[in-house]
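One structure is given below, encoded as structure tokens.
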Amino acid sequence: MLKALIVDDEPLAHTVLLHHLKQHPDIAIVGRCFSATETLQHLAKHHVDLLFLDINMPALSGIDMLKVIAHPPQVIIVSAYSEFAIEGFDLDVADYLLKPVNSQRLSKALDKVRERCQGHNHASKIQVKVGREIHRLDIDSIVYLEAYGNYVKVWTTQTMLLANSTLKQLLEGLPKVDFLQIHKSYVVNKKTLMCLNTDTVTLSGGVNLKVGKSFKLALKRHFSTL
């Protein structure tokens, strides 16, 4: 069952989607929002797997709203305008539907979402906000994360990015099977762990990081399974 949220300032658009979605019992509509502001408030309190998102809304557009969500759910854009499609796909939306929506086209879009969600504990990319820009990073390229005040240093195989996020927020967007917190200030990609020392770990590339006392047991378990 996928929990979905309809976001559109036009009530008729909600009615049309609800009608077509009767054919898809695995899609549960858990909320209906009529503005980006209302949507952000809902997402702050509730888990959602899928957004049906309009573009042209008052105050804040659907595209601009996506840019400020640190870890957006799957998104199907539903719009009367085709000119935002490229920007939408740059933000990794699952599909882009033009109004009026027909049931066949909606079914294809939902199939794409289902395929993504089946393997999305192993998502290949993560969105990171750096200043006013959104960067999409390959998860495999992340070596470790370092808390830095109200920011996080994202150390990759190529560079370091200073993300507008907390360590906890970024960790929630990463597959738990691939990442491990080793200190209140550090989260590492398990693939980079090379050696466990007394109070530190050595990562591939020779980086040494402190290990917090409360995280040592989890680290020992990891190395014992290698």
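Model, not experiment: these values are computed from the prediction. Residue numbers count from 1 along this sequence.
Two residues are said to be in side-chain contact when any heavy atoms from C-beta on lie closer than 4.5 Å; Val201 and Asn208 fail this criterion. Contact of the Val143 side chain with the Val207 side chain is not registered, since no non-hydrogen atoms from C-beta on lie closer than 4.5 Å. Taking 4.5 Å as the limit, some side-chain heavy atom of Pro72 sits within range of a side-chain heavy atom of Gln127. Annotation: side chain of Asp8 is not in contact with side chain of Arg32 (no heavy-atom distance under 4.5 Å). Looking at heavy atoms from C-beta onward, Val75 lies out of side-chain contact with Leu91 at the 4.5 angstrom threshold. Put simply, the side chain of Leu174 reaches to within 4.5 Å of the side chain of Ile142, judged on heavy atoms. Between Gln158 and Ser141 there is no side-chain heavy-atom pair separated by less than 4.5 Å. In this structure the side chain of Lys153 never reaches within 4.5 angstrom of the side chain of Leu145, judged on heavy atoms.
The stretch residues 18-28 participates, sequence neighbours left out, in these salt bridge (charged side-chain N to carboxylate O under 4.0 Å, His left out) pairs: Asp26-Arg114.
No more than 12 heavy atoms of other residues, nucleotides or ligands shown are found within 6.0 angstrom of NZ on Lys168. Around CZ of Phe89, the count of heavy atoms belonging to other residues, nucleotides or ligands within 6.0 Å exceeds 12. The number of heavy atoms from other shown groups lying within 6.0 Å of CE (Met160) is above 12. Heavy-atom contacts from other residues, nucleotides or ligands closer than 6.0 Å to CZ of Phe215 number more than 12.
Pairing each heavy atom of Ala109 with each of Ile76, the nearest pair is CB-CD1, 3.8 Å. For Leu21 against Leu106, the heavy-atom pair with the smallest separation is CD2-CD2, 4.1 Å. Counting all heavy atoms, side chain and backbone alike, Ser204 lies closest to Met194 at N-CG, 3.2 Å. Annotation for Val128 and Ala163: closest pair CG1-CB, 3.3 Å, computed over non-hydrogen atoms. Counting all heavy atoms, side chain and backbone alike, Leu180 lies closest to His222 at CD2-CB, 4.4 Å. Here the closest non-hydrogen pair linking Thr39 and Cys33 is OG1-CB, 3.4 Å.
The main-chain N or O of Phe34 is found under 3.5 Å from a side-chain atom of Glu38 such that the two form a donor-acceptor pair. No donor-acceptor distance shorter than 3.5 angstrom exists from the side chain of Glu133 to the backbone of Val130, with no hydrogens or angles considered. Asn102 contributes a side-chain N or O that, together with a main-chain N or O of Arg105, makes up a donor-acceptor pair within less than 3.5 Å.
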Candidate pair Val187 and Leu170, rule side-chain contact (heavy atoms from CB on, under 4.5 Å), full reasoning: CA-CA 10 Å; Val187 170; Leu170 273 186; over 6 Å; no
Run the numbers on Ser185 and Leu167 for side-chain contact (heavy atoms from CB on, under 4.5 Å), then give the verdict. CA-CA 8 Å; Ser185 298; Leu167 193 63; 5.5 Å; no
Apply side-chain contact (heavy atoms from CB on, under 4.5 Å) to Asp138 and Thr156, showing your working. CA-CA 9 Å; Asp138 288 324; Thr156 74; over 6 Å; no
Given the rule in the side-chain contact (heavy atoms from CB on, under 4.5 Å) test, do Phe223 and Leu193 qualify, once you have shown the distances and angles that lead to the verdict? CA-CA 9 Å; Phe223 277 100; Leu193 286 167; 4.0 Å; yes
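Between Lys112 and Asp95, at least one side-chain nitrogen of the basic residue sits less than 4.0 Å from a carboxylate oxygen of the acidic one, meeting the salt-bridge criterion. Under 4.0 Å is where a charged nitrogen must lie from a carboxylate oxygen, and between Lys67 and Glu87 at least one such pair does. Using a cut-off of 4.0 Å between Lys/Arg side-chain N and Asp/Glu carboxylate O, Asp199 and Lys216 are scored as salt-bridged. Salt bridge Arg116/Asp92: present, at least one basic N to carboxylate O contact under 4.0 Å.
There is no path of hydrophobic side-chain contacts, each under 4.5 Å, that joins Leu43 to Ile6. Hydrophobic clustering (side-chain heavy atoms under 4.5 Å, transitive across Ile, Leu, Val, Met, Phe, Trp, Tyr) keeps Ile134 apart from Val154. Leu162 and Val152 fall into different hydrophobic clusters, where Ile, Leu, Val, Met, Phe, Trp and Tyr residues are linked whenever their side-chain heavy atoms come under 4.5 Å apart, directly or through other members. Leu18 and Leu2 fall within the same hydrophobic cluster, where Ile, Leu, Val, Met, Phe, Trp and Tyr residues are linked whenever their side-chain heavy atoms come under 4.5 Å apart, directly or through other members. A continuous path of Ile, Leu, Val, Met, Phe, Trp and Tyr side chains, each step under 4.5 Å between heavy atoms, connects Leu40 with Val93, placing both in one hydrophobic cluster.
For Glu10, the salt bridge (Lys or Arg N to Asp or Glu O under 4.0 Å) test picks out Lys99, with sequence neighbours left out. A search for ring pair (Phe, Tyr, Trp, His ring centres under 6.0 Å) contacts involving His46 returns His42, not counting sequence neighbours. Remark: Phe179 engages no residue in a ring pair (Phe, Tyr, Trp, His ring centres under 6.0 Å) (not counting sequence neighbours). Remark: Tyr144 pairs with Trp155 by the ring pair (Phe, Tyr, Trp, His ring centres under 6.0 Å) rule, at least two apart or across chains.
Note that the CD1 atom of Ile27 and the CE atom of Met1 stand 8.5 Å from one another [nearest 0.5 Å]. Put simply, NZ on Lys210 and NZ on Lys184 are 9.5 Å apart, with the number rounded to the nearest 0.5 Å. Residue Leu110 holds its CG atom at 11.0 Å from CD of Gln74, rounded to the nearest 0.5 Å. In this structure, NE2 in His24 is found 3.5 Å from OG in Ser107, a value given to the nearest 0.5 Å. To the nearest 0.5 Å, atom NZ of residue Lys190 and atom CD1 of residue Ile182 are 12.5 Å apart. Interatomic distance, Asp178 CG to Ile139 CD1, rounded to the nearest 0.5 Å: 7.5 Å.
Relative orientation of the Tyr186 and His183 rings is tilted, given thresholds of 30° and 60° on the angle between their planes.
Using modelled atom types, one finds a donor on one side chain and an acceptor on the other under 3.5 Å when comparing Asn197 with Thr200. Checking Ser35 against Asp9 by side-chain atom types alone, no donor-acceptor pair falls below 3.5 Å.
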List, one per line, each side-chain donor-acceptor pair under 3.5 Å for residues 50-66, sequence neighbours excluded.
unit_1: Ser61; atom_1: OG; unit_2: Asp64; atom_2: N; d: 3.1
unit_1: Ser61; atom_1: OG; unit_2: Asp64; atom_2: OD2; d: 3.3

